[in-house]
Amino acid sequence: MTKLFKYLFIGTALFSMFSCQEIVDADPIEGRTVVSVAQNEGLTTLVAAVQAVPGLESTLQSQSSITVFAPTNEAFAAALDAFGASDLNDLVAKLGGATNLQTVLGFHVVPTRILSSSLSGTSTVTTLAGQQLTVTRSIGGITVVDAQGNTANVLETDLQFQNGVMHIIDRVLLPSIELPKPNLVEAANEFGLSTLLSAVNAVDGLGNTLLSAGEITVFAPTNEAFAAALEVFGAADLNELVIKLGGVANLEKVLGFHVVPAVAFSGDLQASNTFTTVAGQDLLVEVSGGSVTVTDRLGRTVNVVAADIEIANGVVHVVDGVLLPDLMLPNVVEVATAAGLTTLIDAVTAADLGGALLGSDAITVFAPTNDAFGAALQAFGAANLSQLVTKIGGVENLQTVLGFHVVPAVAFSTDLNASNTFTTLAGQELTVTAGGSGVTVTDALGNTANVVTADVAISNGVVHVIDGVLLPEYNLPNVVEAATAANLSVLLDAVTAANLGQTLLDADEITVFAPTNQAFVNLLNALGFSSLQEMISNLGLEAVQKVLGFHVVPTTAFSFDLAEGTQMVTTLAGEDLMVTRSGNQVTVTDANGQTYNVVAADVAIENGVVHVIDGVLLPTL
């Protein structure tokens, strides 16, 4: 109130600046106050504003002479709208508090009585705010011009009260005051940056961090810039963009990359400037020919389209693109490690596929959990990954199985249609279904696995964790093909001569102990035959069939399926064969007590397994 008192006491001196003399009312209206007159005239907002400044009403009433230019309620409503204020309290806040409100109200009061009849031409008066108003009387009426150059019209004149006179005007007069600067949120709202605000609000606590920061420069993308970013990332909305960025933490990194912890107006910039952002990565800001550009970590350049928007703790420059830092997304191995997918990592290592996955431009990986691999081991009767690899036919088929879990394109869950068919790295198609209950994946055998953790962004794509191992169609040789590949030509000749080939091919399950060519040569020498055909002719076809059948067990028994020690297994010849396992060594003993070694174990075939042995087994003949 000190300022108001000061100007009230020197009111007479101020009025001496008028070009016209004051005409004093000879018969003041006793009992009427400035507030009561305002109330009678329906100026309720003015009354509320005066009463919002402690002591102002009594101060005005106690003075000897004042003139009040009183805005209508409509004038205050227009001021609220101009300041974006919802009510008088909000307007006070927008003005910068009660002190500035006091200045505004004092700007409407001249510390002397001025009747309209005393006005002629243009006069300059000094108000209680210490600033001047320009008052003009013309044929068209009386106008008042404020410090901002705005003109108010006097609607009604000479409403007298005990110590002064009131003129009603159609505008709130604004002095020269330092208005509070908007904060970042207010500035963003003013410029329609609604997507930026939504992004900031999506990161818990980020808004408060920015508002409370000491000094900041914000490169603020427009809504159109965010829309372009959504299109680039194939995202329908901000939520999908967050997923494709790798989560809220990376959204925070992106937003932090738009903020420099210092104030840099465009006039402060050199031709080339490097700023370290809140995200800890550098931005390149360049000035050329009056234009300012910003270059992100990917080498993409955006333009400043609105510069130097001053905010409470810094400055905002509006830009036409979203700036991207190095998100440092994990690679597929790092994601699998973090998710505890140790069996998958072991399988990828065993198949030597790590480099292929890391080096791919774009991949979607359906990554089985350890439990999923555990179920697959159980289904195949394998105790560990090594046994599983053996039972599916070796590393080449493991590569096929793992490749069947990888699509050479990026497909987040949000990119999926209700039903999708993808060609995998294995060259076979995978069916992916998306619905209200989640995402499922169906393999070549019709088995369905569920996506239990979706959309784990990686440096070259995305990982979806699934609860099953997907099986493609993979090729195992039949027994003839396996024997051919192992160059067991004499055995093949014997099987052909004995007409047993189709029997072996048609069997549901077989384990074949397959003698080497040298084993047959040794037998022929021992029996005194010069050729296989001579042996068949002398022993007879039935005996040869029995010998060959004695090498076949009608079940599947890989070496690691065998119990430690000796076991008797029944052969197709109807006689038992003694099989002994001692650690990794397997031997077979025939009816004559001859023992031979398995020299190449566990050759998987489509209906069982082949073990190559170094002798021909003889049943009872």
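Around the CD atom of Gln270, the shell of radius 6.0 Å holds no more than 12 heavy atoms that belong to other residues, nucleotides or ligands. Atom CG of Asp237 is surrounded by more than 12 heavy atoms from other residues, nucleotides or ligands within 6.0 Å. For CG of Asp508, the number of neighbouring non-hydrogen atoms (other residues, nucleotides, ligands) closer than 6.0 Å is 12 at most.
At least one side-chain heavy atom of Leu430 sits less than 4.5 Å from a side-chain heavy atom of Leu470. Side-chain atoms of Asn313 and Glu215, non-hydrogen and from C-beta on, never get closer than 4.5 Å to each other. The closest side-chain heavy-atom distance from Val322 to Val254 is below 4.5 Å. Counting heavy atoms from C-beta outward, Val318 and Thr222 have side chains that approach closer than 4.5 Å.
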> Do Thr390 and Asp602 pass the side chain to side chain donor-acceptor pair (under 3.5 Å) test, and can you show the C-alpha distance, the side-chain angles, and the key distance before you say yes or no?
Replying inline: CA-CA 7 Å; Thr390 298; Asp602 301 324; 5.4 Å; no

> Please walk me through it: do Thr442 and Thr448 pass side chain to side chain donor-acceptor pair (under 3.5 Å)?
Replying inline: CA-CA 4 Å; Thr442 303; Thr448 296; 3.2 Å; yes

> Going through the distances and angles, do Asp455 and Ser413 end up as a side chain to side chain donor-acceptor pair (under 3.5 Å)?
Replying inline: CA-CA 6 Å; Asp455 301 324; Ser413 64; 2.4 Å; yes

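To the nearest 0.5 angstrom, Asn370 atom CG is 8.5 Å from Leu344 atom CG. To the nearest 0.5 Å, atom CZ of residue Phe560 and atom CG of residue Asn384 are 8.0 Å apart. The CG atom of Leu283 sits 5.5 Å away from the CG atom of Leu323 when rounded to the nearest 0.5 Å. Rounded to the nearest 0.5 angstrom, Asn447 CG and Thr440 OG1 are separated by 12.5 Å. The CD atom of Glu481 sits 8.5 Å away from atom CG of Leu505, with the distance rounded to the nearest 0.5 Å. Note that CG of Asn100 and CZ of Phe107 are 13.0 Å apart. Values are rounded to the nearest 0.5 Å.
Here the options are Thr276, Thr274, Thr277, the test is side chain to side chain donor-acceptor pair (under 3.5 Å), and the partner is Asp282; only Thr276 passes.
The main-chain N or O of Gly299 is found under 3.5 Å from a side-chain atom of Asp296 such that the two form a donor-acceptor pair. The main-chain N or O of Leu173 is never found under 3.5 Å from a side-chain atom of Asp146 such that the two would form a donor-acceptor pair.
For an aromatic pair to be called close, the ring centres must be under 6.0 Å apart, and Phe366 with His464 satisfies this.
Side chain to side chain, Thr556 and Thr511 fail the donor-acceptor criterion of an N or O pair below 3.5 Å. For the residue pair Asn73 / Thr45, a side-chain donor-acceptor distance below 3.5 Å is found, with atom types taken as modelled. Side-chain atoms of Asn331 and Ser459 form no donor-acceptor pair, as typed in the model, at a separation below 3.5 Å.
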